[in-house]
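Take a look at the structure set out below.
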Amino acid sequence: MNEQESPVRLAAWVHGQVQGVGFRWWTRSRALELGLTGFARNLPDGRVEVVAEGSRDNCAQLLDVLRSGTSPGRVDQVVERWTAAKGGLNGFAER
C-alpha cells in the first residue's frame, strides 16, 4: 500500500453561521456518500468540528464540499489539519 492509499484523518473547523441550520446532518450525508467515517459536532464558540477518516482523495473531496458554498447556513472559513488515521470510528455521527 503506497502513501496515497493509506487512510488519513482530516480535522476541519468550520467558521460561520453553521449551527442550527442542518449543517451537521448535511455534512454527515456528504461524508457517507464518500465512504468516510467520523463525526461532526457543534463547538461552544459557534464553529462545527468535522473529523473524517478514509482515503486522502475522499477526505479532500469532503473538504472541497465544505468550502463550496452549497451547505446550509454560511461558511466563512474552514481551517484544516491532516494527520494519519487513528481508527476507532464507526459510521459518521452527528454529535
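Computed from a predicted structure; not experimentally measured. All residue numbers in this chain count up from 1 along the given sequence.
Counting only distance, with no hydrogens or angles, the side chain of Glu49 and the backbone of Ala11 share no donor-acceptor pair below 3.5 Å.
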Quick one: do Phe23 and Asn42 satisfy side-chain contact (heavy atoms from CB on, under 4.5 Å)? Show the steps, please. CA-CA 10 Å; Phe23 185 86; Asn42 288 336; over 6 Å; no

Stepwise side-chain contact (heavy atoms from CB on, under 4.5 Å) test for Val48 and Leu43: CA-CA 6 Å; Val48 169; Leu43 297 176; over 6 Å; no

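Among residues at least two apart or in separate chains, there is no salt bridge (charged side-chain N to carboxylate O under 4.0 Å, His left out) pair with a member in residues 14-23.
For Arg28, the salt bridge (Lys or Arg N to Asp or Glu O under 4.0 Å) test picks out no residue, with sequence neighbours left out. With sequence neighbours left out, the side-chain contact (heavy atoms from CB on, under 4.5 Å) criterion links Glu33 to Arg30.
By the rule that hydrophobic residues join a cluster once side-chain heavy atoms approach within less than 4.5 Å of another member, Val51 and Val8 end up as members of separate clusters.
Note that CD of Gln17 and OG of Ser71 are 10.5 Å apart. Values are rounded to the nearest 0.5 Å. Considering OG of Ser55 and CG of Leu34, their distance stands at 8.0 Å, rounded to 0.5 Å. Interatomic distance, CZ of Arg41 versus CD of Gln19, reported as 12.0 Å (0.5 Å rounding).
Counting all heavy atoms, side chain and backbone alike, Pro72 lies closest to Gly22 at CG-O, 3.8 Å. Gly54 and Cys59 get closest at one heavy-atom pair: N-SG, 3.8 Å. When all heavy atoms of Ala40 and Thr27 are compared, the pair lying nearest together is CB-CG2, 4.4 Å.
Using a 4.5 Å heavy-atom cutoff, the side chains of Val21 and Trp26 are not in contact. Side-chain contact between Arg81 and Val79 is absent, with no heavy-atom pair separated by less than 4.5 Å.
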Please tabulate, one pair per line, all N/O donor-acceptor pairs under 3.5 Å involving side-chain atoms of residues 86-95, not counting sequence neighbours.
none

Can you give the donor-acceptor pairs under 3.5 Å from side chains of residues 62-70 to other protein atoms, not counting sequence neighbours?
unit_1, atom_1, unit_2, atom_2, d
Arg67, NH1, Glu80, OE1, 2.9
Arg67, NH2, Val78, O, 2.9
Arg67, NH2, Glu80, OE1, 2.8
Ser68, OG, Val65, O, 2.7
Ser68, OG, Thr70, N, 3.2
Ser68, OG, Thr70, OG1, 2.6

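A cation-pi arrangement is absent between Arg9 and Trp82 under the rule of less than 6.0 angstrom and at most 45 degrees off the ring axis.
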